[in-house]
Amino acid sequence: MSDQPIFKSGRPDEGWTAMYGLTDELVSYEDMISPEFFELEREAIFRPAWHYVGRVDRVPKPGMYFTKEIEVLKASILVARDDAQDVRVYHNVCPHRGNKLMWEADASKEVSGRCKTFHCKFHGIQYDTGGKVALLTEKEAWLGNQGKELALAEVPFEVWNGFIFVNLNPGGPKESLREFLGEKYYSGFDGYPFETCSERYFFRANAKANWKTMIDGFSETYHAATTHALPFATQPSENLLMGAEHFGIEGRQRMMIYQDWGEIINFDYEGLTRGFGTGPRIEFPKELKNLPLISNPTQIDNWGSVSHKIWPQMFLQHYNPGWYLTYMMWPLAYNEMRFEVEIFMPEPRNFSDALAQKASLFMFLDAALQDFSLLEATQMGLETRAFNQYPLTDQEILVRAFHKEVYQVVEDYKRERGAEIIGRS
């Protein structure tokens with residue numbers, strides 16, 4: 001690759017930072033290294049939020065189910081399709097003695113499958129897919145109707161374009177999913193054929209780093225020229241080689257889009273398989289490439305990728321020619337996180353398509369691990385407190401906006417309780 005920009009920036013004259021009314025002041029990352037701040041985030045940010053747990057496609061038939069662990073809220077979720085063909089979401093807990101309901105060898109691990117009833121390993125009580133008792137053991141020992149009235153605890157959920165979101169706020173959601181996403185995001189993807197990408201690939205990895213380190217890493221693109229220097233054949237440069245064309249901020253939701261960087265072939269198998277780090281370059285259904293206006297506000301034909309950051313820790317990202325993925329950054333502690341990647345592609349038409357998909361998956365995951373490898377070094381560096389504040393470039397507008405929102409939400413939470421914020425400078 002030549003030492004020249006490969007994109008035509010849509011940067012406004014005043015710059016992105018000024019356009020969105022943000023200042024150029026240095027940023028504190030105390031929110032990533034303070035155990036006390038993390039405990040505040042748990043209640044201020046994650047407790048009231050709506051969280052993506054999986055697509056409805058994962059439970060297409062009655063009796064199919066999967067579980068999702070949400071450690072930051074000390075919750076285990078059971079998603080199922082009941083006998084009436086409806087999606088149901090429950091706490092993955094037996095209402096008798098509180099034993100986790102669906103698990104296998106390790107109760108901390110997620111499971112999936114298909115069954116007629118949910119069976120508690122403790123006392124053998126079974127529940128149907130509608131959450132009611134299907135088999136009550138030791139009937140004569142129960143007091144009154146307590147046994148017959150056992151039922152799984154339902155979790156508030158909503159489905160948005162096939163994506164299942166749950167809310168674990170005590171007493172119920174503070175706002176609907178529509179209010180949480182904002183009208184532009186809630187309705188902006190109407191009609192987009194997400195379901196066309198029926199092939200699902202899932203990967204996860206843990207890191208000793210704060211959940212926001214990965215979000216920051218994926219909130220700008222110009223790091224690609226350095227972090228991914230090998231696959232992109234780049235080297236450090238004074239020119240902005242791989243910047244974003246457009247940044248968008250809509251309430252707490254954020255997005256960026258960059259143009260197609262083209263087929264950068266450094267290895268023979270990339271050309272042979274048509275599989276690249278940015279995905280397969282094969283024929284996709286045309287409707288997948290026609291992004292809705294909220295995903296392509298600049299209406300560029302040669303878009304390469306558009307990334308949406310859904311508050312607080314979800315990414316929804318499209319890649320040319322139309323496949324998409326989700327990232328989830330689940331907090332485990334102030335200095336530990338679980339990173340999940342869920343990739344969706346259309347069903348291959350033939351072996352050549354399948355080969356291109358699989359080859360691109362390995363290339364893509366290799367690039368993702370290059371990003372992932374930096375997280376623990378970032379956490380270690382921040383925790384030295386060698387610097388109290390850090391500068392951000394105009395290409396890091398979404399990083400600046402994100403941390404500003406994190407501090408603001410926690411400040412509001414503490415203000416309600418008459419306390420001062422931790423570490424804000």
Can you tell me if [X] and [Y] form a side-chain donor-acceptor pair at under 3.5 Å?
X: E340; Y: W330; answer: yes
X: H403; Y: D216; answer: yes
X: S76; Y: E69; answer: yes
X: E158; Y: S176; answer: no
X: D353; Y: Q357; answer: no

Describe, in one word, how the ring planes of [X] and [Y] are oriented to each other, choosing from parallel (under 30°), tilted (30 to 60°) and perpendicular (over 60°).
X: Y327; Y: F339; result: tilted
X: F315; Y: F218; result: perpendicular
X: Y192; Y: F194; result: perpendicular
X: F387; Y: Y390; result: perpendicular
X: Y52; Y: F165; result: tilted
X: Y324; Y: H318; result: tilted

Tell me if the centroids of the rings in [X] and [Y] come within less than 6.0 Å of each other.
X: W323; Y: F364; answer: yes
X: F37; Y: Y29; answer: no
X: W211; Y: F46; answer: yes
X: W142; Y: H96; answer: yes

Flag the pair R55 and E195 as a salt bridge only when some basic side-chain nitrogen lies within less than 4.0 angstrom of an acidic carboxylate oxygen.
no

Applying the side-chain hydrogen bond (donor to acceptor under 3.5 Å, both in side chains) test to T17, which of D394, T393, T23 qualifies?
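Running side-chain hydrogen bond (donor to acceptor under 3.5 Å, both in side chains) over D394, T393, T23 with T17 returns exactly one hit, D394.
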
Minimum heavy-atom separation for V399 and S219, please, with both atom names.
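Reported closest heavy-atom pair: CG2-CB, 3.8 Å.
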
Please determine whether salt bridge (charged side-chain N to carboxylate O under 4.0 Å, His left out) holds for the pair K212 and E41, giving the CA-CA distance in whole Å, both sets of side-chain angles, and the decisive distance to 0.1 Å.
CA-CA 11 Å; K212 294 184 288 292; E41 286 180 328; 2.5 Å; yes

My understanding is that only one of W160, W311, F189 makes a side-chain contact (heavy atoms from CB on, under 4.5 Å) with L181; could you say which?
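Between L181 and the candidates, side-chain contact (heavy atoms from CB on, under 4.5 Å) is satisfied uniquely by W160.
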
Just do the salt bridge (charged side-chain N to carboxylate O under 4.0 Å, His left out) check on E405 and K309 with the steps written out, would you?
CA-CA 13 Å; E405 189 68 26; K309 294 104 178 86; over 6 Å; no

